[in-house]
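Since this is a predicted model, take the numbers as computed values, not measurements.
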Amino acid sequence: MANHERNKKILLELVKQPHNSRCADCGATDPDWASYKLGVFVCLTCSGIHRSLSSRVKSIKLDYWEDELVEFMKANGNASAQALYEKAVPPYYYQPQENDCIVLREQWIRAKYERMEFTGETKYPPLSYTTGFYEGMLWKKGKENTQFLKRKFVLSEREFTLTYYNKENESKGPKAVISIKDLNATFQPEKIGHPNGLQITYQDDNHTRNLYVYHQSPEEIVTWYNAIRAARYAYLKTAYPTGSDEELIPKITRNYLKEGYMEKTGPLQKEPFKKRWFILDSQNRKLFYFKGQLDAEELGVIFIGTESKGYSVKEYVPKHARGNKWKCGVMVGTPERQFVFMCEQEREQKEWLDALKQVLYRPMAPQDYTVEASMKYKR
């Protein structure tokens, strides 16, 4: 019993050390589990992934630790593991955070410890996402319906394009050739209804176009994601040759700051409220709204500038609205008009207000003025 308490105390001291105080795999604070096969401290969620890979894990506080296992943890730790297993992570490879979906976290852990992809040793054949060219089949949602059909996709870093074909017979030519320039990819398992669901967004004439795809293999869909990121990184290095990795890496792909349903009324604020799906793209300062959450194209888009440029975000209660079922209001003011939205709950209202103000209070960059000038507001 004395050994048990002593070992527990040693482990609790170890996990306070700077490198050990965050999960070795997702960066979550205060990890209270450890892999005594790898010598790393991890959070509860990542410990479950390690257990599924047959990596031996224990709770720091609840399980009994033998002396030799504690010595092993003392001799190793997160910094030592990182130096070995993350020695050569490509700058574009996405390293998941604690709020990221399971497929990203699981494949990151498998890539590090199981497939040993980042140890710096030469791989043959080379890793798929490092070659600058990738092709394969993905299940894609139809533009006008909910059916997912198998389609061929081809990614070319040299051409800076992502191409897909509507039929397996390529002789009829591609359905779309998408420029990497404005492309974004983000995992959306809940929205798409598949644990490996990926949303690909790009500019198509004056519209933003969404593709919803998945692959049955978790490894395959994450390979696609990182291949897209590799191509985007190569494009950014070409477009901004003096840009540092610190500046460019956040621009490769992005998760949206906030998504969800709100009710929207028209410009007179007397029109009936209609339920719409909203996406706030913080990087581009755009608030999109769609009829449904899996729509291919937006109904409209609102630019969110700064207060000094005549933009505002505030809580609001409409006086003459018809048809609204929800009572928690948000008003977004632009130099052209005021937009009124209604949230179902106060919590949602607060989250939208906080997210919109986060964009509002951020100074505009030079490219933001170009985006603002080109925007056309829709009802």
Under 3.5 Å, side chain of [X] to main-chain N/O of [Y], donor-acceptor pair present?
X: Thr265; Y: Glu271; answer: yes
X: Asp63; Y: Ser59; answer: yes
X: Asp25; Y: Cys46; answer: no
X: Asn78; Y: Arg22; answer: yes
X: Asn76; Y: Met73; answer: no

Checklist outcome for this item: dist Lys143:NZ -> Asn166:CG (nearest 0.5 Å) comes out at 11.0 Å
Next on the checklist: Under 4.0 Å between a side-chain nitrogen and a carboxylate oxygen: does that hold for Lys258 and Glu351?
Outcome noted: yes
Item to check | Salt bridge Arg276-Glu263, side-chain N to carboxylate O under 4.0 Å | outcome: no
Student check: side-chain heavy atoms of [X] and [Y] closer than 4.5 Å:
X: Val330; Y: Leu353; answer: yes
X: Arg337; Y: Pro267; answer: yes
X: Tyr92; Y: Thr130; answer: yes
X: Glu117; Y: Tyr129; answer: yes
X: Val340; Y: Gln338; answer: no
X: Thr186; Y: Leu198; answer: no
X: Lys8; Y: Trp65; answer: no
X: Gln107; Y: Arg115; answer: yes

Next on the checklist: Parallel, tilted or perpendicular, judged at 30° and 60°: which one describes the rings of His50 and Tyr113?
Outcome noted: tilted
Checklist entry - Hey, what's the ring geometry for Tyr164 with Phe153, parallel, tilted or perpendicular (30° and 60° as the breaks)? => result parallel
Could you tell me whether the side chains of [X] and [Y] share a donor-acceptor contact shorter than 3.5 Å?
X: Trp108; Y: Gln95; value: no
X: Asn196; Y: Gln216; value: no
X: Tyr311; Y: Glu372; value: yes
X: Thr201; Y: Asn184; value: no
X: Glu220; Y: Thr223; value: no
X: Glu344; Y: Gln349; value: no
X: Asp100; Y: Tyr94; value: yes
X: Tyr233; Y: Thr253; value: no
X: Arg285; Y: Gln367; value: no
X: Asn7; Y: Asp67; value: yes

Item to check | Centroid-centroid under 6.0 Å between Phe148 and Tyr214 rings | outcome: yes
Tell me if the [atom1] atom of [X] is crowded by more than 12 foreign heavy atoms within 6.0 Å.
X: Glu346; atom1: CD; value: no
X: Lys123; atom1: NZ; value: yes
X: Lys237; atom1: NZ; value: yes
X: Glu190; atom1: CD; value: no
X: Glu297; atom1: CD; value: yes
X: Arg56; atom1: CZ; value: no
X: Glu246; atom1: CD; value: no
X: Lys191; atom1: NZ; value: yes

Checklist entry - Can you name the closest pair of heavy atoms from Pro195 and Val103 and give their distance? => result O-CG1, 3.7 Å
Next on the checklist: Go through it in stages, so that I can follow the logic: the residues are Ile228 and Leu183, the test is side-chain contact (heavy atoms from CB on, under 4.5 Å), and I'd like the CA-CA distance, side-chain angles, deciding distance and then a yes or no.
Outcome noted: CA-CA 9 Å; Ile228 289 170; Leu183 186 144; 3.4 Å; yes
Next on the checklist: Assess the residue pair Glu106 and Arg110 against the criterion (salt bridge (charged side-chain N to carboxylate O under 4.0 Å, His left out)); give the C-alpha distance rounded to whole Å, side-chain angles, the decisive distance to 0.1 Å, and a yes or no.
Outcome noted: CA-CA 6 Å; Glu106 180 196 340; Arg110 285 186 180 274; 2.8 Å; yes
Next on the checklist: Taking ring-ring contact (aromatic ring centres under 6.0 Å, His included) as the criterion, tell me which of Tyr289, Phe288, Phe339, Tyr261 meets it with Phe278.
Outcome noted: Tyr289
Checklist entry - Does any pair with a residue in residues 29-48 pass side chain to side chain donor-acceptor pair (under 3.5 Å), and if so which ones, sequence neighbours excluded? => result Ser35-Ser55
Item to check | hydrophobic_cluster_shared for Val332 and Ile279, side chain cutoff 4.5 Å | outcome: yes
Checklist entry - Hey, quick one: are Leu162 and Phe187 part of the same hydrophobic cluster, counting side-chain heavy atoms closer than 4.5 Å, chains of contacts allowed? => result yes
Checklist entry - Given the rule in the side chain to side chain donor-acceptor pair (under 3.5 Å) test, do Arg362 and Ser282 qualify, once you have shown the distances and angles that lead to the verdict? => result CA-CA 10 Å; Arg362 192 181 76 227; Ser282 171; 3.0 Å; yes
Next on the checklist: side-chain contact (heavy atoms from CB on, under 4.5 Å), that's the test. Do Asn284 and Asp368 meet it? Break it down for me.
Outcome noted: CA-CA 7 Å; Asn284 289 335; Asp368 294 331; over 6 Å; no
Checklist entry - Between Gln203 and Thr208, does a side chain to side chain donor-acceptor pair (under 3.5 Å) hold up when you go through it step by step? => result CA-CA 5 Å; Gln203 289 299 121; Thr208 297; 3.0 Å; yes
Next on the checklist: Does Phe118 form a ring pair (Phe, Tyr, Trp, His ring centres under 6.0 Å) with Tyr93? I'd like the steps, not just the answer.
Outcome noted: CA-CA 10 Å; Phe118 313 122; Tyr93 193 98; 4.9 Å; yes
